[in-house]
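Down below is the structure, laid out as structure tokens.
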Protein chains: 2
Amino acid sequence: MEQKVDKKEIQEQRVRGYFIQATKDMLKGEGLKSLSVRSIAERAGYSYATLYNYFKDVQTLVFECVKDFQDECVDFVLAEIKDDVRGLPAIEQIAKGYIKYFVQYPGIFELFFVERVNQMSNNSNTLEMIYNFLDRLTSSEWEYCKTKKILKKEVAESKRNELRYAVMGLLLFYNNRRQPASYQEFTAMCDAVIRGILRQ
Amino acid sequence: MEQKVDKKEIQEQRVRGYFIQATKDMLKGEGLKSLSVRSIAERAGYSYATLYNYFKDVQTLVFECVKDFQDECVDFVLAEIKDDVRGLPAIEQIAKGYIKYFVQYPGIFELFFVERVNQMSNNSNTLEMIYNFLDRLTSSEWEYCKTKKILKKEVAESKRNELRYAVMGLLLFYNNRRQPASYQEFTAMCDAVIRGILRQ
DNA sequence: AAATAAAATTAACATTGTTAATGTTAATTA
DNA sequence: TAATTAACATTAACAATGTTAATTTTATTT
């Protein structure tokens with residue numbers, strides 16, 4: 001009897017996976033605007049109603065992609081930074097990689113930080129994971145700064161907060177309001193702001 | 001013949017005003033989520049299709065509220081600050097008032113910074129007005145800092161940018177992701193971040 | 001092979017933005 | 001004043017959306 005349950009579980013997870021993969025593809029491609037129950041289901045190879053046999057609603061499905069995208073973003077950022085750099089320059093590079101990822105995939109930016117959340121997906125675990133995402137990426141480097149006496153504990157704490165919010169603001173203005181107007185100006189602004197915050 | 005045109009113009013502007021007022025009321029109340037062509041028209045006392053005799057589409061109508069809300073926000077902020085304060089403390093108070101306004105009216109925050117824009121409303125004049133909004137509110141105080149030699153020109157410029165983006169990040173996380181979880185924690189965080197940036 | 005359980009689909013509904021056709025006033029002309 | 005026309009407003013309709021219920025198809029068990 002154990003086996004039967006397992007088999008059923010495996011199959012169910014497989015189908016769930018098809019829907020999740022379809023959703024992820026669309027989020028990375030067209031973005032949130034072209035995402036719909038019908039378009040997801042079509043891409044997954046099922047009818048639209050089948051989705052509701054596996055997910056409570058479309059918001060729940062969409063929020064199940066968060067974890068995967070975070071993992072992908074971590075890989076993306078790690079690939080961007082030179083591994084001999086430590087401390088403040090490392091933090092700068094991580095922040096820039098992080099920004100680059102969310103500019104490349106504005107749909108994922110929307111999903112993480114913008115899209116209205118409902119009860120279900122509003123499981124505050126996910127929300128906190130999102131909130132602390134940049135902090136987790138940079139935490140070891142902040143530690144490095146503290147142990148190497150580059151920064152005092154309180155200063156590091158303060159800069160960490162400032163960086164988290166400033167990066168978010170930069171992304172919001174550029175992704176949602178096209179300000180600054182060109183990518184060049186935008187990266188120059190990122191540079192200035194990040195360095196301004198990290199400078200002692 | 002001039003008169004007839006004027007009269008027509010006046011009446012048209014009046015009706016437009018009814019729709020705009022209805023939209024503004026809803027944005028301040030229920031927010032963007034409950035906003036629809038039908039709900040706006042009902043509140044304005046017209047049928048939903050009448051709206052299209054006065055506005056190209058609903059997005060255009062909604063974006064016509066931006067200017068009015070900016071004026072309102074300016075009044076709100078000015079009422080919050082003590083008028084004997086100048087320079088950095090004044091900038092701090094302005095930033096806090098600005099934050100307070102957009103926390104009080106999350107629907108207006110969404111309209112200004114979050115909602116997807118289309119071709120028409122994407123008249124970059126409005127977008128730039130939004131982008132520079134906090135800067136306009138604080139500009140005279142930054143000038144004050146420079147003329148009184150409190151800050152060097154480049155430092156002031158840098159801090160102005162950092163503040164703009166950090167304030168946006170704070171609002172985005174709190175309004176859209178309920179992080180920090182309580183209003184108390186949030187205001188404490190605003191305090192820390194704003195002071196961190198403004199501290200020489 | 002028949003009965004039953006599981007999975008997937010079609011049909012349907014309510015809500016949305018938008019347009020076209022129609023009705024209803026107000027203004028102009030004869 | 002009565003008929004015509006222009007302006008304005010409304011109803012009807014469509015397509016797209018999320019979601020649910022009923023139904024059909026497929027797989028499993030007896």
Side-chain angles (χ1 to χ4, degrees), chain A residues 1-20 22-23 26-27 30-64 107 110-111 115-122, chain B residues 1-20 22-23 26-27 30-64 107 110-111 115-122:
Chain A
M1 215 52 182
E2 266 301 318
Q3 303 238 346
K4 190 159 61 177
V5 172
D6 283 358
K7 213 160 84 178
K8 189 182 155 185
E9 182 66 18
I10 287 170
Q11 289 182 357
E12 188 168 321
Q13 285 307 323
R14 244 201 291 266
V15 178
R16 283 175 64 88
Y18 299 147
F19 280 107
I20 290 171
T23 307
M26 296 203 67
L27 281 171
E30 313 295 318
L32 257 177
K33 59 187 170 303
S34 67
L35 202 73
S36 75
V37 178
R38 281 161 171 88
S39 63
I40 294 170
E42 184 180 28
R43 191 181 272 257
Y46 288 93
S47 168
Y48 47 88
T50 307
L51 192 150
Y52 292 92
N53 297 337
Y54 294 91
F55 302 91
K56 184 188 165 295
D57 54 34
V58 71
Q59 284 230 49
T60 307
L61 163 58
V62 166
F63 261 78
E64 291 214 16
E110 265 192 280
L111 168 61
E115 205 209 353
R116 279 260 159 264
V117 296
N118 62 4
Q119 301 296 53
M120 202 69 237
S121 54
N122 185 359
Chain B
M1 214 53 181
E2 267 299 317
Q3 304 238 346
K4 191 158 66 176
V5 174
D6 283 358
K7 213 160 85 178
K8 188 184 156 185
E9 183 65 20
I10 287 170
Q11 290 181 356
E12 187 168 323
Q13 285 307 322
R14 243 201 291 267
V15 178
R16 283 175 64 87
Y18 300 147
F19 280 107
I20 290 172
T23 308
M26 297 204 66
L27 281 170
E30 314 294 318
L32 257 176
K33 59 187 169 304
S34 67
L35 201 74
S36 74
V37 179
R38 282 160 171 88
S39 64
I40 293 169
E42 184 180 29
R43 190 181 273 256
Y46 288 94
S47 169
Y48 46 89
T50 307
L51 193 149
Y52 291 93
N53 298 334
Y54 295 91
F55 302 91
K56 187 189 164 294
D57 53 35
V58 72
Q59 284 229 49
T60 307
L61 163 56
V62 165
F63 261 78
E64 291 214 15
E110 264 192 281
L111 168 60
E115 204 208 355
R116 276 262 160 262
V117 296
N118 62 3
Q119 301 295 55
M120 202 70 236
S121 55
N122 185 0

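Computed from a prediction, not measured in an experiment: that's the story for all the values here. Numbered from 1 within each chain, the chains take letters A, B, ... in sequence-line order.
Using a 4.0 Å heavy-atom criterion, one finds that A:S47 contacts the bases of the nucleic acid, with or without backbone contacts as well. In this structure, B:Y54 reaches the sugar-phosphate backbone alone: every heavy-atom distance under 4.0 Å involves primed, P, OP1 or OP2 atoms, never a base.
Rounding to the nearest 0.5 Å places OH of B:Y46 at 6.0 Å from OH of B:Y54. Distance NZ/A:K56 to CG/A:L61: 12.5 Å, rounded to 0.5 Å. Going from atom CD of A:Q59 over to atom CG of A:L111 covers 10.0 Å, rounded to the nearest 0.5 Å. Taking CG from B:L35 and CD1 from B:I40, the interatomic distance works out to 4.0 Å, rounded to the nearest 0.5 Å.
The base of D:dA9 has none of its N or O atoms less than 3.5 Å from a complementary donor or acceptor on the side chain of B:Y18.
The OH-P distance, from B:Y48 to C:dA20, rounds to 15 Å in whole Å. Taking atom CG of residue A:D57 and atom C1' of nucleotide D:dT17, one finds them 14 Å apart after rounding to whole Å. C:dT15 atom C1' lies 14 Å from atom CG of B:L35, rounded to whole Å. Whole-Å rounding puts the B:L51 CG to D:dC8 P distance at 15 Å. Atom pair B:F19:CZ and D:dC8:C1' shows a separation of 11 Å (rounding to whole Å applied). Rounded to whole Å, atom P of D:dT11 lies 13 Å from atom CG of B:N53. The CD1-P distance, from B:I10 to D:dC8, rounds to 13 Å in whole Å. Rounded to a whole Å, the CG atom of B:L61 is 13 Å from the C1' atom of C:dG17.
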## Note on the structure
Per-residue pairing states of DNA chain D in dot-bracket (Watson-Crick or G-U under 3.5 Å; . unpaired, | other strand) read ||||||||||||||||||||||||||||||
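Contacts of residues 38-46 of chain A with DNA chain D (heavy atom under 4.0 Å): A:R38.
Listed nucleotides: D:dG18, C:dT18, D:dT10. Nearest to the side chain of A:V37: D:dG18. Closest to the side chain of B:Y52, from the set C:dT19, D:dG18, C:dT9, is C:dT19. Among the nucleotides C:dT10, C:dG17, D:dT10, the one closest to any side-chain atom of B:S36 is C:dG17. Proximity note for B:V58 (side chain, C-beta onward) versus D:dT19, C:dT18, C:dT19: the nearest is C:dT18.
Annotation: cation-pi pair A:R38/A:Y48 present, NZ/CZ under 6.0 Å from the ring centroid and within 45° of its normal.
The closest side-chain heavy-atom distance from A:V62 to A:E115 is below 4.5 Å. At least one side-chain heavy atom of A:I20 sits under 4.5 Å from a side-chain heavy atom of A:F55.
For A:T50, a side-chain nitrogen or oxygen approaches OP1 or OP2 of C:dT9 to under 4.0 Å.
Neither side chain, B:T50 nor B:S47, offers a donor N or O lying under 3.5 Å from an acceptor on the other.
Residue-to-nucleotide proximity on DNA chain C shows that, of A:E12 and A:A49, the 5′-proximal contact is made by A:E12.
Heavy atoms from other residues, nucleotides or ligands lying under 6.0 Å from CD of B:E42 number 12 at most. Within 6.0 Å of atom CD in B:Q13, more than 12 heavy atoms from other residues, nucleotides or ligands are found, so the atom counts as buried in its surroundings. Within 6.0 Å of atom CD in A:E12, more than 12 heavy atoms from other residues, nucleotides or ligands are found, so the atom counts as buried in its surroundings.
Put simply, the side chain of B:T23 gets close to the backbone of B:F19: a donor and an acceptor are under 3.5 Å apart.
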Taking only nitrogen or oxygen atoms into account, show me every contact under 3.5 Å that the protein makes with nucleotides 23-27 of chain D, one pair per line with its distance.
none

